[in-house]
Structure formats: structure tokens, C-alpha cells
Amino acid sequence: MNIFFIILAMTLVTFSIRLCSLWFFSNRNFSALTMRTLSLVPVAVLTSICTPLVLKPSGIYENPFMLIEFWAAIGSLLVARFGMLPALAVGMGIFTLGKLFI
């Protein structure tokens, strides 16, 4: 029962922070530069989460040209212009073949 109250408290704190942001910023008009900057935040966050997983999968920095994860990420980036599904397929294919044969 204790875990339930912890989850409830965390939910209330998270919701209150988001609600305050909506109240304070809902009637404001931001400049085009600010809107463009804010639109790039998700990409920056995803990059900061994925980069350590690609460049140091074992926990220490290694030569990226010797890592399967690096080549899978490069393959996904090269194919990403054709859509998410081809990028996922190429990345997973490179990673799977690399793990099978190396």
C-alpha cells in the first residue's frame, strides 16, 4: 500500500508542474526563433539518451569503428530520409547480422 501512495504523490507533483506551465504560457505568443528552438528539444533529448548507448555499450569508450552499435546507428541515419520503418529495419538488420557473424 505504501508504493501506491508514492506513485500517487509522484503523479500529483508531475501533473502540477505541467499544469502550471500550461497556465503560465498558454496565452503567450512566442517568436519564430523560440518556437523553432523548442521544436528541436525532443531531438536533442533523444540524442543525449542514445549517444552513450552507441559509443560505449560496454560502459567504457571504445573505437567506434569497431562497434556494431555504431554501424547500425550510421545505417539508420543514412536510411532515415525514407521513413522510420526503413531506418528501423536497416538498423536492426545491421545489428542482428553483426551480432551473428562477429
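Excluded from the calculations below are hydrogen atoms, water molecules and symmetry mates; all remaining heavy atoms, backbone and side chain alike, are included.
- Grouping the Ile, Leu, Val, Met, Phe, Trp and Tyr side chains by contacts below 4.5 angstrom, directly or via other members, places V43 apart from M84.
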Taking it one step at a time, do W71 and F65 satisfy side chain to side chain contact (heavy atoms under 4.5 Å, CB included)? CA-CA 7 Å; W71 292 110; F65 296 109; 3.6 Å; yes
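- Interatomic distance, CG of L22 versus CG of N27, reported as 11.0 Å (0.5 Å rounding).
- Note that CD1 of I60 and CG of L55 are 13.0 Å apart. Values are rounded to the nearest 0.5 Å.
- Smallest separation of non-hydrogen atoms from V79 and V90: CG2-CG2, 3.7 Å.
- Atoms CD1 and CG, from I17 and L12 in turn, are 11.0 Å apart once rounded to the nearest 0.5 Å.
- Closest approach of T47 and T51 over heavy atoms only: O-OG1, 2.7 Å.
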Side chain to side chain contact (heavy atoms under 4.5 Å, CB included), that's the test. Do E69 and L53 meet it? Break it down for me. CA-CA 8 Å; E69 292 85 354; L53 299 172; over 6 Å; no
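- When atom types are taken as modelled, the side chain of S48 and the backbone of V45 share a donor-acceptor pair closer than 3.5 angstrom.
- Nearest heavy atoms, I94 versus G75: CD1-CA, 3.9 Å.
- Atom CG in L67 sits 11.5 Å away from atom CD1 in I74 (nearest 0.5 Å).
- A distance-only check finds no donor-acceptor pair linking the side chain of T14 to the backbone of T11 [under 3.5 Å].
- Among all heavy-atom pairs drawn from S76 and A87, the shortest one is OG-O, 3.0 Å.
- Cluster annotation: L78 and F70 are assigned to the same hydrophobic cluster (Ile/Leu/Val/Met/Phe/Trp/Tyr, side-chain heavy-atom contacts under 4.5 Å, transitive).
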